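No hydrogens, no waters, no symmetry mates; every other heavy atom, side chains included, goes into these values. Because the structure is a prediction, the values reported are computed rather than measured.
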Amino acid sequence: MADGTEGAPWRRPAHEGPDSPYDGIPLDDPFRSTGSGQATGSGQAGDYRTLTYEVDGRVARITFNRPEQGNSITPDTPVELAAAVERADLDPRVHVIVVSGRGKGFCGGYDLTAFAEQAIPNHDPAKTWDPMVDYAMMSRFTKGYASLLHADKPTVAKIHGFCVAGGTDIALHCDQILIAADAKIGYPPTRVWGVPSAGLWAHRLGDQRAKRLLLTGDCLSGREAAEWGLAIEAPDPDRLDERTEILVQRIAAMPINQLMMVKLALNSALLAQGVETSRMISTVFDGISRHTREGYSFAARAAEAGFKQAVRERDAAPYDDFGPSTNKG
């Protein structure tokens, strides 16, 4: 049942039939994208700078589309992600949202060649730093990623290659994570110049395992991520697409209202744990971490030698895990 239209009447498309609660609601608003909004009426990729959007049957597919930059995050990313999620939420054809990345990996974090290699406002060590200006900026990024958690419909992250630093702020907001067994996931910037602003690691992994990663900046392989409970499955790389599609189509066969009720019920438990408070505190500390003696030193080294070289030095001994390595000693 590829499109979920055969069989039992409760599996019929939610927008079809005289008794549909979506009667009269457009399947997709061609001006719901960001920028100038030049999306097509068929719900395909619109005028986005950092991602593409398309509807395939009952599945909305959001794909980060800066492969030459490792799908690194720019100020456009959270705005466009939230707009695409809202677009899928409002489309009665869509039952589930899949987020993935083009190129070699899911997302390599923030485009720090823009942030770390040059002077930016409110980050000059010779001037006063206003932490609330910093918080206002970073919280807007994180609110964009949190649209995946707060979406009405289930969200699935499909991770290959790498999902590190700010990339994890995006992926951990998804309801389900599937990751290639050989992929790398983690938050190395806790070694210097960063705290994960999403604040989700302890909620996803529990206290000890979250601390094991964030007190060292170590990363997990995809296989380890599944063993630790961070991901739901870690297939071999050549089976990631297949295994993701199997899960996505099983979710898509459910009625939208059932999916919404189940997600809201389960999210209530997650939110009761204090996810919003964790996000606020973590975002404040992320700003502080970039304005310590060590943080300024790292930024100065990035400006002098380039961000990649500064990261290479950050991830040198005793860590020795620069690049795809997930060495943990």
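- Hydrophobic clustering (side-chain heavy atoms under 4.5 Å, transitive across Ile, Leu, Val, Met, Phe, Trp, Tyr) groups Leu51 together with Leu149.
- Side chain of Asn327 to backbone of Tyr319: a donor-acceptor contact under 3.5 angstrom is found.
- Residues Val195 and Val275 do not share a hydrophobic cluster, defined by chaining ILVMFWY side chains whose heavy atoms lie under 4.5 Å apart.
- Ring geometry for Tyr48 against Tyr53 counts as tilted: the plane angle lies between 30° and 60°, on a 0 to 90° scale.
- Placement of Val156 and Leu259 within a single hydrophobic cluster is found when ILVMFWY residues are connected by side-chain heavy-atom separations under 4.5 Å, directly or transitively.
- Taking every heavy atom of both residues into account, Ala14 and Pro92 meet most closely at CB-O, 4.1 Å.
- Note on residues 169-184: pairs passing salt bridge (Lys or Arg N to Asp or Glu O under 4.0 Å), not counting sequence neighbours, are Asp175-Lys263.
- Looking only at distances, no side-chain donor or acceptor of His15 sits under 3.5 Å from a matching main-chain atom of Leu27.
- Using a cut-off of 4.0 Å between Lys/Arg side-chain N and Asp/Glu carboxylate O, Arg87 and Asp91 are scored as not salt-bridged.
- In this structure the side chain of Gln309 reaches within 4.5 angstrom of the side chain of Glu313, judged on heavy atoms.
- Leu112 and Val192 fall within the same hydrophobic cluster, defined by Ile, Leu, Val, Met, Phe, Trp and Tyr side-chain heavy atoms under 4.5 Å apart, directly or through other members.
- In this view, Tyr187 satisfies the side chain to side chain donor-acceptor pair (under 3.5 Å) rule with no residue, not counting sequence neighbours.
- Partners of Arg191 under the side chain to side chain donor-acceptor pair (under 3.5 Å) rule, at least two apart in sequence or in another chain, are Asp218, Asp315, Asp321.
- Annotation: side chain of Glu224 is in contact with side chain of Glu227 (closest heavy-atom distance under 4.5 Å).
- Between Tyr110 and Phe307, every side-chain heavy-atom pair lies at or beyond the 4.5 Å cut-off.
- The pair Arg243-Glu233 counts as a salt bridge, with a side-chain nitrogen and a carboxylate oxygen less than 4.0 angstrom apart.
- Side chains of Leu213 and Leu205 form a contact here, defined as non-hydrogen atoms less than 4.5 Å apart.
- Looking only at side-chain heavy atoms (C-beta outward), Tyr135 and Arg140 stay at 4.5 Å or farther from each other.
- Within the 6.0 Å centre-distance limit, the rings of Phe64 and Phe106 are counted as a close aromatic pair.
- A donor-acceptor pair under 3.5 Å links the side-chain atoms of Thr155 to the main chain of Leu148, judged by distance alone.
- Between the side chain of Asn122 and the backbone N or O of Asp130 there is at least one donor-acceptor pair closer than 3.5 Å.
- A single hydrophobic cluster is not seen to contain both Met260 and Leu90; linkage of ILVMFWY side chains at heavy-atom distances under 4.5 Å, directly or through other members, places them apart.
- When side chains are defined from C-beta on, Ile185 does not count as touching Phe162, because their heavy atoms never get closer than 4.5 Å.
- Val96 places none of its side-chain heavy atoms less than 4.5 Å from the side chain of Leu247.
- Judged by distance alone, the side chain of Ser20 and the main-chain N or O of Gly17 form no donor-acceptor pair under 3.5 Å.
- Salt-bridge formation is not detected for the pair Asp286/Arg279: no Lys NZ or Arg NE/NH1/NH2 atom is positioned less than 4.0 Å from an Asp or Glu carboxylate oxygen.
- The salt bridge (charged side-chain N to carboxylate O under 4.0 Å, His left out) check on Asp76 picks up Arg49, with sequence neighbours excluded.
- Contact between Val98 and Val248 at its shortest, heavy atoms only, is CG2-CG2, 3.5 Å.
- Among all heavy-atom pairs drawn from Thr283 and Ser139, the shortest one is CG2-N, 3.8 Å.
- Counted by atom type alone, Thr142 and Ser197 present one or more donor-acceptor pairs between their side chains at under 3.5 Å.
- With hydrogens and angles disregarded, a donor-acceptor distance shorter than 3.5 Å links the side chain of His160 to the backbone of Gly105.
- When each of Arg61, Arg102, Glu80 is checked for a side-chain hydrogen bond (donor to acceptor under 3.5 Å, both in side chains) with Thr52, only Arg102 meets the rule.
- No donor-acceptor pair closer than 3.5 Å links the side chain of Asn71 to the backbone N or O of Gly108.
- The local environment of CD1 in Ile232 is sparse, with at most 12 non-hydrogen atoms from other residues, nucleotides or ligands closer than 6.0 Å.
- In terms of modelled atom types and a separation under 3.5 Å, the side chain of Lys153 and the main chain of Asp89 share a donor-acceptor contact.
- Between Thr244 atom OG1 and Gln176 atom CD the span is 11.0 Å, to the nearest 0.5 Å.
- Closest of all the heavy-atom pairs between Cys174 and Val99 is SG-CG2, 4.5 Å.
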Worked verdict on Arg293 versus Ser297 for side-chain hydrogen bond (donor to acceptor under 3.5 Å, both in side chains): CA-CA 6 Å; Arg293 181 182 66 171; Ser297 297; over 6 Å; no
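- Inspection of the His203 and Ser278 side chains reveals an N or O donor paired with an N or O acceptor under 3.5 Å.
- With hydrogens and angles disregarded, no donor-acceptor distance shorter than 3.5 Å links the side chain of Arg312 to the backbone of Phe322.
- Taking both residues in full, the closest heavy atoms of Ile177 and Ala171 are given as CD1-O, 3.6 Å, listed atom of the first, atom of the second, then distance.
- Screening residues 234-291 for ring-ring contact (aromatic ring centres under 6.0 Å, His included), with sequence neighbours left out, gives His123-His291, Trp129-His291, His291-Tyr296.
- With sequence neighbours left out, the side chain to side chain donor-acceptor pair (under 3.5 Å) criterion links Glu242 to Arg239.
- A side-chain donor-acceptor contact under 3.5 Å links Arg66 to the backbone of Ser72.
- For the atom pair OG1 of Thr190 and CG of Leu214, the computed distance is 5.5 Å after rounding to the nearest 0.5 Å.
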